Amino acid sequence: MEKYVCTVCGYIYDPTVGDSDNGVDPGTKFEDIPDDWVCPLCGVPKSDFEKVE
């Protein structure tokens, strides 16, 4: 699964880890995260993330 990085603060969403503090279970693809999810570090929307190449 692909990782995504926050373009504002550099937080990396790793789907193997998820974001359990914010209701995203491990194994959840970035595309499957709810649209109202925000970066757990800086609070920007999901649209401010880019795929890690």
Side-chain angles (χ1 to χ4, degrees):
M1 285 192 268
E2 297 166 327
K3 296 178 183 179
Y4 284 75
V5 62
C6 176
T7 59
V8 175
C9 73
Y11 169 82
I12 295 178
Y13 174 76
D14 182 345
T16 61
V17 176
D19 179 20
S20 58
D21 291 342
N22 294 295
V24 179
D25 293 330
T28 303
K29 291 190 232 178
F30 189 78
E31 299 82 14
D32 296 335
I33 297 173
D35 289 335
D36 62 351
W37 178 83
V38 295
C39 177
L41 296 184
C42 70
V44 298
K46 185 177 162 183
S47 60
D48 287 334
F49 279 71
E50 293 180 349
K51 188 187 322 182
V52 174
E53 296 297 330

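Heads up: numbering here begins at 1 and tracks the sequence. What you see is a predicted model; the values in this text were computed from it and never measured.
- The nearest pair of heavy atoms linking Tyr13 to Thr28 is OH-O, 2.6 Å.
- When hydrophobic clusters are built by joining Ile, Leu, Val, Met, Phe, Trp and Tyr residues whose side-chain heavy atoms come closer than 4.5 Å, directly or via intermediates, Phe30 is grouped together with Leu41.
- Every side-chain hydrogen bond (donor to acceptor under 3.5 Å, both in side chains) that Tyr4 has, sequence neighbours left out, goes to Glu31.
- With sequence neighbours left out, Lys3 forms a side-chain contact (heavy atoms from CB on, under 4.5 Å) with Ile12, Asp14, Pro15, Val52.
- Contact check for Tyr11 versus Cys42: no side-chain heavy atoms found under the 4.5 Å cut-off.
- Residues meeting the side-chain contact (heavy atoms from CB on, under 4.5 Å) test with Pro26, sequence neighbours left out: none.
- The side-chain contact (heavy atoms from CB on, under 4.5 Å) test applied to Asp35 returns Lys46, not counting sequence neighbours.
- Expressed to the nearest 0.5 Å, how far CG of Asp32 lies from CG of Asp25 amounts to 11.5 Å.
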